[in-house]
Amino acid sequence: MASPKILIQILVTGTKILGKAFFEAGRQAVKNAKQSPQAALGNDVAGVGHATSGSMTDQITRQHRMTLDEAHLILNIKRGEEMEQVLKNYEHLFKANSPAPKPDKAPTGKQAPLPTNSHYLQSKVVRARERIEAEAKLAEQPVDPPTAPSTPPPPDASHRDPS
């Protein structure tokens, strides 16, 4: 049998190792939180935190909380595909994650089957379609060049009346 001295030594050594690991993990978490406080709070979704410019695409990304790439991945389409394909994939994924219609009679003696639908996935599919539609709508809008302000020029000092 092992002596109690050896058991205590093993226990103390294990505790020291575990304590050091937790201490280092805590230090790393603090370091990460200082570098990116938004990500530490869980607010950065799919690169939305990187959409910081004032462009319309970044505004749409922040509004829909989804990047265009993520929307394409969710709907399993490639960039530049026709809207018909987007809607076809959307409808398929939406129906696949919809709850099954309720049967008229409850099955007797059998357990009800587990649901295979996911409201979360359905909402992701809807938001992906909305994100792609918003980007397509933005692409259809004509780009207006910035116009000069329509304020009148200041009065010329040489034409002033001295009185």
Side-chain angles (χ1 to χ4, degrees), residues 7 10-147 149:
L7 292 175
I10 292 172
L11 183 66
V12 169
T13 304
T15 304
K16 282 183 182 178
I17 292 170
L18 192 62
K20 285 180 182 180
F22 277 121
F23 179 73
E24 286 299 318
R27 281 184 50 201
Q28 186 65 41
V30 168
K31 185 178 175 182
N32 291 345
K34 285 181 181 177
Q35 289 178 354
S36 177
Q38 289 295 332
L41 298 174
N43 290 336
D44 186 19
V45 178
V48 173
H50 299 293
T52 56
S53 75
S55 71
M56 285 302 294
T57 300
D58 283 350
Q59 290 176 10
I60 292 171
T61 298
R62 284 191 306 272
Q63 178 185 2
H64 290 279
R65 309 264 312 145
M66 180 182 294
T67 63
L68 188 59
D69 290 334
E70 183 182 9
H72 282 105
L73 287 172
I74 290 170
L75 292 179
N76 194 26
I77 58 171
K78 296 178 183 151
R79 278 187 178 259
E81 283 201 36
E82 294 294 322
M83 203 59 171
E84 295 168 3
Q85 183 65 33
V86 171
L87 293 175
K88 180 180 172 189
N89 287 12
Y90 161 76
E91 288 172 4
H92 169 73
L93 291 170
F94 190 86
K95 287 178 186 175
N97 290 297
S98 295
K102 301 263 183 194
D104 293 338
K105 290 184 177 181
T108 56
K110 291 184 179 179
Q111 249 185 351
L114 292 174
T116 57
N117 62 309
S118 170
H119 181 70
Y120 172 76
L121 290 177
Q122 219 177 16
S123 68
K124 280 289 204 181
V125 168
V126 170
R127 287 193 298 154
R129 188 208 71 213
E130 289 173 347
R131 174 65 173 94
I132 292 172
E133 286 176 343
E135 193 73 25
K137 191 175 187 181
L138 178 68
E140 290 175 359
Q141 291 179 350
V143 179
D144 294 332
T147 58

Review point. Has Glu24 got more than 12 heavy atoms of other residues, nucleotides or ligands less than 6.0 Å from its CD?
Key: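 Counting other residues, nucleotides and ligands, CD of Glu24 exceeds 12 neighbours.
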Exercise for review: Assess whether atom CG of Asp69 is packed by more than 12 heavy atoms of other residues, nucleotides or ligands within 6.0 Å.
Suggested key: yes
Point to revise | Leu75 to Ala128 - nearest heavy-atom pair and separation | key: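 Looking at all heavy atoms of both residues, the closest pair is CG-CB, 3.9 Å.
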**Study point:** Taking every non-hydrogen atom, the tightest pair across Val125 and Phe94
**Key:**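 Closest approach of Val125 to Phe94, heavy atoms only: CG1-N, 4.2 Å.
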Are [X] and [Y] side-chain neighbours, meaning at least one heavy-atom pair lies under 4.5 Å?
| X | Y | answer |
| --- | --- | --- |
| Asn89 | Glu81 | no |
| Ile77 | Ile132 | yes |
| Glu133 | Leu87 | yes |

Can you tell me how far apart [atom1] ([X]) and [atom2] ([Y]) are? Round to the nearest 0.5 Å.
| X | Y | atom1 | atom2 | result |
| --- | --- | --- | --- | --- |
| Arg131 | Gln63 | CZ | CD | 9.0 Å |
| Arg127 | Met66 | CZ | CE | 4.5 Å |
| Leu121 | Lys124 | CG | NZ | 9.5 Å |
| Lys34 | Asn32 | NZ | CG | 11.5 Å |
| Arg129 | Glu91 | CZ | CD | 9.5 Å |

Practice item. Determine yes or no for a side-chain-to-main-chain donor-acceptor pair under 3.5 angstrom, with Gln85 supplying the side chain and Glu82 the backbone. Key: no
Point to revise | Contacts of type side chain to side chain donor-acceptor pair (under 3.5 Å), residue Asn97, not counting sequence neighbours | key: none
Review point. For Leu68 and Arg79, what are the C-alpha separation, side-chain angles and deciding distance, and is it a side-chain contact (heavy atoms from CB on, under 4.5 Å)?
Key: CA-CA 9 Å; Leu68 188 59; Arg79 278 187 178 259; 3.5 Å; yes
